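To start, the structure under review is shown below, and the notes come after it.
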Protein chains: 2
Amino acid sequence: MTATGGAEASRASSPLGILATDRVVRGRNGRRGMPERNSVTLADVAKRAGVSLATASRALNGSARTVRQDSLDRVHAAALELRYSANLQAQAVARGTTTTLALVVGDIADPYFAGIAAGAIRAAGEAGLVVTITSTEGDPAREASVLGVVSGLRPRAVVLALSRRLGASDEVAAAVSGLVAAGAGVSALVSDLVGADPVGADPVGADLVGADPDAEGVEGVRGVQPLVIRNRSGAAALAGALVEQGHESFALLAGDPQLVTARARVDGFVAGLAAHGVGVPDGAIVPSEFSRDGGYRAMSSLLDAAAAGGPALPRCVFAVTDLMAVGALAAIRDRGLVPGADVGVAGFDDVRMLADVVPALSTVRLPLEEIGARAVRRALGVETDGAVDGEVVLRASTAR
Amino acid sequence: MTATGGAEASRASSPLGILATDRVVRGRNGRRGMPERNSVTLADVAKRAGVSLATASRALNGSARTVRQDSLDRVHAAALELRYSANLQAQAVARGTTTTLALVVGDIADPYFAGIAAGAIRAAGEAGLVVTITSTEGDPAREASVLGVVSGLRPRAVVLALSRRLGASDEVAAAVSGLVAAGAGVSALVSDLVGADPVGADPVGADLVGADPDAEGVEGVRGVQPLVIRNRSGAAALAGALVEQGHESFALLAGDPQLVTARARVDGFVAGLAAHGVGVPDGAIVPSEFSRDGGYRAMSSLLDAAAAGGPALPRCVFAVTDLMAVGALAAIRDRGLVPGADVGVAGFDDVRMLADVVPALSTVRLPLEEIGARAVRRALGVETDGAVDGEVVLRASTAR
DNA sequence: CTGAAAGCGCTAACAC
DNA sequence: GTGTTAGCGCTTTCAG
């Protein structure tokens, strides 16, 4: 190996010329303890094509400079023969700019984030970027460290699709502003939690909203392009549609009240009902985990309470997530009741995988892939539309 | 800016010393047309801490060399104040090794791949690697180009979770062997399509299996660590369990016969039945798209045929995917029949999201996240167990 | 223990 | 049009 290295190196031109005698013996691959560097480099290609490094570089990557057809062909041929593949890292260092888009998600196994990721990967690919996905695994404590490695990547752009919580620590905001300062385009998925919603009615429970909306996270950081998912107004619209369908008494399976998304949906639904003159009784907003089982449990507690002679069972239940709605369906069925008939259930998201649950779920459809794609375009600064709406879809689960 | 650059540069030591006079005026950030380079560099930190670059480097990254506590503290302090974050790309170039693991999937929106991705991200994180995900979007034609960019990334390891098709082009194999040659650890998810299965019976339709199993794709490439998903034996076990449950007549919703995974499951199921003395009549293996709608259509054609006085409806149907099984359920229901009672349906995968379909699906559970994690460990060479088994789960959809 | 300096693979001035 | 060479930000010898 040293021998090979030496052969190579004897042609190496050292900036020190004559001085470089004994060191030069150890050329590429000669550094002790180094992992083998055995890929083909541009220099190899250039040598083989009989042109300079610069020409080879110009030939293989879109440089403004033109290269004579002749050399161009030779370089391409050499590259092909040698199976040359440009080292993107080195390119990035030299160019001072990467071809990486970082996507940070709460949990990639969640179909919500998976859908967004699919859209993001597609859109990024169209822009010639590769996507790196990091996951906080639902743990807010991990957000800061994840953003740390993200910033080490020096991504060209970053999309933040986190499960934001009210009153989040703002290490995160600091990290994000660092990213922005480093020149990355950043976009963040956020909710239309406060205001911005024309439904009118004063949001019940507005006092629970994080004290200072502006300090409330990533979306407040200068330079971040938010993409607001109109959870609140979508939920409000759903509420209105259900009332118009004839439903009169409601309960909410609210999920984790600290989660911004859950909060926005709850607020919006309540506001939507209020706008139609329908109130929500005390105890009808039941918190739980933000999961299928959470939905099951919350629904069960409602059923238990009614069975125990407490508040009457509402005719319709809104779960802030399709997954929670499915849990609710199961709970209802486990009590011997008929979901849809005895008690209506609506969800949110319209995750495709759940298209066949019976009864079919009324919900608010969110165009997940489009959201992901739009978010990357926002991060890249080529998308001006900063909001996406859900679409109310009424199905059998709330038919009366 | 140039002024600042100049101040910087006056200290810059050029290997050419005296010659470097007028050019040096343009220091960092001075290159024309360059995107701003405004992040903090190691040099900044070193200067601020009053130590050399080398020392700063040694202090901040686990070098074997030790650094005096004193300088160590100063460097860390400086790094903190400056919000320094090491440029991973530059590190990679200098070290000749990256901290990147590339995951190539068919479609990240598919819960199957999403589950695998989640496990992979977790395991990679534990190994200090960041994951870049690229997707072929189900298009085999894209595989080669995707692998091209992957190899430009010079990943430390790569996990291939592709929807392999029989008789695939071997551009892919070439690309993969390039990756291996470049020193990346590669692992690929594959099926126990041929042999390797103790079920005994001669696999019906073995003639359809790609001509030369060894040339049959990525798994044949030297240096690739396969992780075999025992689709075939899982399906065989399911078949056995169903027969023992009393089912006697079967049909298969086979999905796309070109997809290795689908093929393995079909073959296994047929073999499993054969091992119990049960045959599969002609026309009872119906191909379709590898999707929910494919399942719906395939099941519909079975129902149509029976209604038209063709072959009797089988008592039990095996869909090669849970998703297809759900489609089948819907088709059955749409004909006014009761799935589970009139005709049993079994799936494969046990995707969690479908836990609440009614009737609950009999299936073969695959530990998706574990598969993802295991695959990265295989790629990193720290996992010797190269196979994962599914687990038969019998539920209401095939209760008699 | 520390610093100077030679690279890593590639790009982009700058001369020719 | 092409070659030379100074960098990019970082690591790691090698000599103190």
Side-chain angles (χ1 to χ4, degrees), chain A residues 9 12-16 19-20 22-24 26-35 37 39-46 50-72 75 84-97 152 154, chain B residues 9 12-17 19-20 22-24 26-35 37 39-46 50-72 84-97 152 154:
Chain A
S13 59
S14 154
L16 292 177
L19 300 182
D22 80 52
R23 270 188 228 157
V24 136
R26 178 184 326 105
R28 163 155 91 85
N29 256 353
R31 284 154 92 187
R32 261 195 279 145
M34 277 275 80
R37 299 211 188 219
S39 31
V40 183
T41 73
L42 223 211
D44 298 332
V45 175
V51 301
S52 74
L53 215 73
T55 301
S57 169
R58 297 193 268 249
L60 292 175
N61 312 299
S63 159
R65 318 294 309 262
T66 52
V67 172
R68 207 198 323 146
Q69 186 63 40
D70 175 45
S71 353
L72 210 156
V75 172
Y84 170 74
S85 155
N87 182 327
L88 295 183
Q89 326 254 355
Q91 252 178 210
V93 173
R95 296 215 249 244
T97 199
R154 301 287 191 276
Chain B
S13 58
S14 153
L16 291 177
L19 301 183
D22 81 52
R23 270 190 227 155
V24 135
R26 178 185 327 101
R28 156 158 93 86
N29 255 353
R31 285 155 90 187
R32 260 195 281 145
M34 278 273 80
R37 300 211 187 218
S39 30
V40 183
T41 74
L42 223 212
D44 298 332
V45 174
V51 300
S52 74
L53 227 98
T55 302
S57 170
R58 296 194 269 250
L60 292 176
N61 314 298
S63 160
R65 319 294 307 265
T66 51
V67 170
R68 207 197 323 148
Q69 186 63 41
D70 175 45
S71 352
L72 211 155
Y84 170 73
S85 155
N87 182 327
L88 294 182
Q89 325 254 358
Q91 253 177 210
V93 174
R95 297 214 250 244
T97 199
R154 301 288 191 275

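Here is the naming used below: chain letters follow the sequence lines, and residue numbers restart at 1 for every chain. All values derive from a computational prediction rather than experimental measurement.
Looking at which nucleotide of DNA chain C each of B:Val67 and B:Arg154 is closest to, the 5′-most match is held by B:Val67. Across the interface with DNA chain D, nearest-nucleotide mapping of A:Leu72 and B:Ala43 shows A:Leu72 to be the residue nearer the 5′ end. Position along DNA chain C of the nearest nucleotide to B:Thr66 versus A:Leu42 favours B:Thr66 as the more 5'-ward residue.
At the phosphate of D:dT2, OP1 or OP2 sits under 4.0 Å from a side-chain N or O atom of A:Arg68. Close to D:dT11, at under 4.0 Å from its OP1 or OP2, lies a side-chain N or O of B:Gln91. Residue B:Ser71 has a polar side-chain atom (N or O) positioned under 4.0 Å from OP1 or OP2 of C:dT2. OP1 or OP2 of C:dC10 has not a single side-chain nitrogen or oxygen of A:Asn61 nearer than 4.0 Å. For the pair B:Ser57 and D:dC10, the criterion of a side-chain N or O lying under 4.0 Å from OP1 or OP2 is not met.
Considering only the side chain of A:Arg58, C:dC14 comes nearest among C:dC10, D:dC8, C:dC14. Taking only side-chain atoms of B:Thr55, from C-beta outward, the nucleotide of C:dT2, C:dG9, D:dG9 with the closest atom is C:dT2. Distances from the side chain of B:Ala54 to the nucleotides C:dG3, D:dG3, C:dC10 place C:dG3 closest. In the set C:dT2, D:dT2, D:dG9, the nucleotide with an atom closest to the side chain of A:Ser52 is D:dT2.
Distance CZ (A:Arg95) to C1' (C:dT11): 7 Å, rounded to an integer number of Å. A:Gln89 has its CD atom 15 Å from the C1' atom of D:dT11, to the nearest Å. For the pair A:Asn87 CG and D:dC10 C1', the computed distance is 14 Å after rounding to whole Å. Look at CG on B:Asp44: it is 11 Å from P on D:dC8, rounded to the nearest Å. B:Leu53 has its CG atom 19 Å from the P atom of D:dC14, to the nearest Å.
Of the possible polar contacts, one joining the B:Asn61 side chain to the B:Ser57 backbone as a donor-acceptor pair under 3.5 Å is found.
In this structure, the separation between CZ on B:Arg95 and OG1 on B:Thr97 is 8.5 Å, given to the nearest 0.5 Å.
Paired with A:Leu72 under the rule side chain to side chain contact (heavy atoms under 4.5 Å, CB included), one option of A:Thr66, A:Thr55, A:Val67 passes, and it is A:Val67.
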Start with the C-alpha gap between A:Asn87 and A:Thr41, add the side-chain angles, then the distance that decides, and say whether side chain to side chain contact (heavy atoms under 4.5 Å, CB included) holds. CA-CA 8 Å; A:Asn87 182 327; A:Thr41 73; over 6 Å; no
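Residues B:Leu42 and B:Tyr84 meet the side-chain proximity criterion, which asks for heavy atoms closer than 4.5 Å.
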